[in-house]
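Computed over heavy atoms, backbone and side chain alike; hydrogens, waters and symmetry mates excluded. From a predicted model like this one, the values you see are computed outputs, not experimental measurements. Lettering of chains follows the sequences in order, A, B, ..., and the numbering in each one begins at 1.
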Amino acid sequence: MGIQFYNTYNRRKEEFKPIKEGYVGLYTCGPTVYDYAHIGNFRAYIFEDLLRRYLLYRGFEVTQVMNLTDIDDKTIKGCNTKGISLAEYTKVFKDAFFEDLDTLKIARATHYPEATTHIKEMVDLVKRLLDKGVAYRMGDSIYYRITEFPNYGKLSGMKLEDLKTGARIDAEEYEKETAADFALWKGWDEDDGDVYWETELGKGRPGWHIECSAMSMKYLGETFDIHCGGVDNMFPHHENEIAQSEAATGKRFVNYWLHNAHLMVEGKKMAKSFNNFYTLKDLIDQGLHPMAVRYVLIATHYRQQLNFTFDGVNAALASLQRLWDFYTNVEESSGGDSGGQIGSITHEAEEKFTSALDDDLNISPALAAVFDMVKAANRVMAEVGLSEDDKKILLKALDGFDSVLAFVKPPEEAKIIDEEVERLIQARVDARRNKNFEEADRIRDQLLTQGIILEDTKSGTKWKRKVE
RNA sequence: GGCGGCUUAGCCAAGUGGUAAGGCGGAGGUCUGCAAAACCUCUAUUCUCCGGUUCGAAUCCGGAAGCCGCCUCCA
């Protein structure tokens, strides 16, 4: 059996069949750049990173598109409050976003289209909807008439009649034919200040939903394979994307909809008022290791609500340390021969890893497969050692897992060491040779305070950088 | 009010009808000058609770409690 995904659209797991064999078109809802992204946002991006990396691991070619929403109520309000241009205002958060992606080792998407540079595509799409009669003009704005779309509500399981209660009523609602109709184009008003475009549709700016339809179709075609986002985007955002896209093209918009659950922090909903609202930078500044954050965010299945705790991050770091120690121990091992054991151990791990992730990215059994391999191979190393072939096989398997998880290999900075530290290590080796253990222990303690951990092994003294 | 999800060991987390993966933490042991790493042994007679179906249920059905989410621009 091939890969299966839980498709929100049909509320069940389905075998994944790409439109074009061996190729996947993937659209992932990106950030609104009005503020620094928080760890809840990054849970979504890490899930999407896992998805993309796994598809590559399974041999697919992937085009991933992630939008940058740089025009909406919040960005307009932000730049006008600060009295700077929209571009100046959003640049700060765009730059920070990409820095954060690097920190978490989230691989770059193929395209990061910005809404402000795709106004023409959006205008064209709105015109198509006007031509088809599913959009209507009201004042200077243009709305989508949802009663024209028979499947409206299919994705989110909402019924049109149920949408009335609980909905906030905005002044503009009164202008619309139906309260649930949504804006495709918003006519300029004074609060927008200098933020507007003069287009065939008039002076104003695009509505929020239209950017994802216009930009996904531009880069991926009118029908594409996978669209991801957080559960909160199911309604109304993705519902509206489907309605406007399918009404315009007459074709199915997306084949597989994947939605990730939210996270909580220390058992509570993350909110500024609970004082548990964190950006990635907040956590790194508190000394949390980025890879431990990545581990925590990836280790809970994406459709399961995740409880982010500081204890969890510490536990994750200990798990990572085990993986990293294993990786270097394999690299440095020598002079043995498993007699083929390593081959079957890695083979079994790879099989389990793949069958787990094939099943809707079931991460827990996949991680268990990696740790089972570590344990089994450690045992072989302790008992009979590894041959050069064994090492190659193991390192190849680890690199394969790392291409998906990105935290299996030790961080590069762990390899850098300065001359003074090198001198101290040598001094300690000499002290031990002379049985001067007091001096040896003193040097070891001193290095530990500098974050260097020493291990005396059969093949000599090894060091590693302490992570915390 | 409408709709949906979750509840498994000290913590995190798999398991969706056949008798509880994995990680962290903890205890003991081997190795070591002592450590570290690694290895070995142990760490849930039981899956929020109450009923039911079944030869058999963490898994299916009904009910209760608790937590969480969506219901117009929040991943």
Side-chain angles (χ1 to χ4, degrees), chain A residues 11 28-32 37-48 69 72-74 153 156-159 161-170 172-173 179-183 207-209 228-237 239-240 259-264 267-271 295-296 299-301 303-307 309 311-323 325-326 328-329 352 356 362-372 374-375 377-383 432 435-438 440-441 444-445 448 453-458 461-464:
Chain A
R11 307 273 154 164
T28 50
C29 274
T32 301
H38 56 72
I39 51 169
N41 298 118
F42 286 109
R43 190 207 184 172
Y45 307 140
I46 281 191
F47 145 62
E48 290 153 359
T69 299
D72 81 317
D73 291 350
K74 287 179 187 147
S156 57
M158 298 277 184
K159 292 194 192 79
E161 312 85 74
D162 298 335
L163 296 178
K164 283 174 274 185
T165 48
R168 274 176 266 164
I169 301 296
D170 190 297
E172 70 174 358
E173 306 282 351
D181 286 352
F182 58 92
W208 174 43
H209 312 293
C228 301
V231 281
D232 54 300
N233 276 158
M234 245 160 73
F235 186 89
H237 185 49
E239 199 74 69
N240 292 349
H259 291 97
N260 63 279
H262 280 185
L263 64 68
M264 298 195 295
K268 283 192 289 193
K269 176 178 165 177
M270 182 169 71
Y295 189 102
V296 165
T300 296
H301 184 82
R303 282 190 289 113
Q304 175 91 20
Q305 196 167 58
L306 182 157
N307 185 16
T309 65
D311 280 351
V313 176
N314 288 331
L317 188 61
S319 303
L320 289 174
Q321 189 59 256
R322 181 169 165 83
L323 293 177
D325 283 344
F326 178 70
T328 34
N329 288 343
K352 284 185 177 166
N362 197 356
I363 190 72
S364 288
L367 289 174
V370 175
F371 281 104
D372 283 343
V374 168
K375 191 174 189 80
N378 263 330
R379 184 177 194 162
V380 170
M381 270 196 278
E383 285 172 359
R432 287 186 74 226
K435 302 263 191 275
N436 185 353
F437 297 122
E438 216 170 290
D441 290 350
R444 185 169 61 193
D445 291 345
L448 184 60
I453 297 172
L454 297 186
E455 297 175 3
D456 300 318
T457 72
K458 278 178 293 194
T461 297
K462 297 195 311 188
W463 63 273
K464 68 182 180 190

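Residues passing the salt bridge (Lys or Arg N to Asp or Glu O under 4.0 Å) test with Arg444(A), sequence neighbours excluded: Asp441(A). Applying the side-chain contact (heavy atoms from CB on, under 4.5 Å) criterion to Ala368(A), with sequence neighbours excluded, gives no partner residue. When the side-chain contact (heavy atoms from CB on, under 4.5 Å) test is applied to Val231(A), the partners found at least two apart in sequence or on another chain are His259(A), His262(A). Annotation: side-chain contact (heavy atoms from CB on, under 4.5 Å) contacts of Ala261(A) (sequence neighbours excluded): Arg43(A). Looking at residues two or more places apart in sequence or on another chain, you find no salt bridge (Lys or Arg N to Asp or Glu O under 4.0 Å) involving Asp72(A). Legend: residues meeting salt bridge (Lys or Arg N to Asp or Glu O under 4.0 Å) with Arg322(A), ordered by chain and number and at least two apart, are absent. For Glu383(A), the side-chain contact (heavy atoms from CB on, under 4.5 Å) partners at least two apart in sequence or on another chain are Arg379(A).
For the pair Leu448(A) CG and A37(B) P, the computed distance is 12 Å after rounding to whole Å. Taking atom CD of residue Gln305(A) and atom P of nucleotide A13(B), one finds them 10 Å apart after rounding to whole Å. Going from atom CE of Met264(A) over to atom C1' of C6(B) covers 9 Å, rounded to whole Å. Atom P of nucleotide A13(B) and atom CG of Leu263(A) are separated by 12 Å, given to the nearest angstrom.
Residue-level contact check: Asp441(A) touches the bases, meaning some heavy atom is under 4.0 Å from a base atom. Among the protein residues, Asn329(A) comes within range of the sugar-phosphate backbone only, with heavy atoms under 4.0 Å from sugar or phosphate atoms but none that close to a base. Looking at heavy-atom distances under 4.0 Å, Gly312(A) makes no contact with the nucleic acid at all. Within 4.0 Å of Leu317(A), counting heavy atoms only, lies no atom of the nucleic acid at all. The residue Arg379(A) sits close only to the backbone: its heavy atoms come under 4.0 Å of sugar-phosphate atoms, none of a base. Heavy atoms of Asp232(A) sit under 4.0 angstrom from at least one base atom. At a threshold of 4.0 angstrom between heavy atoms, the contacts of Met381(A) with the nucleic acid are absent. Using a 4.0 Å heavy-atom distance criterion, Lys435(A) is classed as making no nucleic acid contact.
Two residues, Ala440(A) and Lys74(A), neighbour RNA chain B, and the one matched to the more 5' nucleotide by heavy-atom proximity is Ala440(A). Across the interface with RNA chain B, nearest-nucleotide mapping of Ala261(A) and Glu455(A) shows Glu455(A) to be the residue nearer the 5′ end.
We find that the ring of His262(A) and the base of A75(B) stack, their centres lying under 5.5 angstrom apart and their planes tilted less than 30°.
Between G56(B) and U19(B), the distance separating the two P atoms is 16 Å to the nearest Å. Separating the P atom of G22(B) from that of C39(B) is a span of 13 Å, rounded to the nearest Å. Distance check on atom P: C24(B) versus C61(B) gives 35 Å, rounded to whole Å.
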I'd like a table of atom pairs between the protein and nucleotides 14-23 of chain B - only N or O on both sides, under 3.5 Å - with the distance next to each one.
from: A14(B); atom 1: O5'; to: Ser364(A); atom 2: OG; distance (Å): 3.2
from: G15(B); atom 1: OP1; to: Asn362(A); atom 2: ND2; distance (Å): 2.9
from: G23(B); atom 1: O2'; to: Ser319(A); atom 2: OG; distance (Å): 2.1

Legend entry - Pair pattern of RNA chain B in dot-bracket, where unpaired bases get dots and | marks partners in another strand, Watson-Crick or G-U under 3.5 angstrom: ((((((((.[[[..)..(...]]]((((((.......))))))....[[[[[..)....]]]]])))))))....

Inset, instruction - Check the pair Ile363(A), Thr300(A) against side-chain contact (heavy atoms from CB on, under 4.5 Å), reporting the backbone distance first and the verdict last. - result: CA-CA 7 Å; Ile363(A) 190 72; Thr300(A) 296; over 6 Å; no

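In terms of phosphate contacts, Arg444(A) brings no side-chain nitrogen or oxygen within less than 4.0 Å of OP1 or OP2 of A35(B). For the pair Asn378(A) and C39(B), the criterion of a side-chain N or O lying under 4.0 Å from OP1 or OP2 is met. Within the structure, every side-chain polar atom (N or O) of Lys464(A) is placed at least 4.0 Å from both OP1 and OP2 of A36(B).
The aromatic rings of His237(A) and Trp208(A) lie parallel to each other, with less than 30° between the two planes, well short of the 60° mark.
Distance from the side chain of Lys269(A) is smallest to C68(B) among A75(B), C68(B), A38(B).
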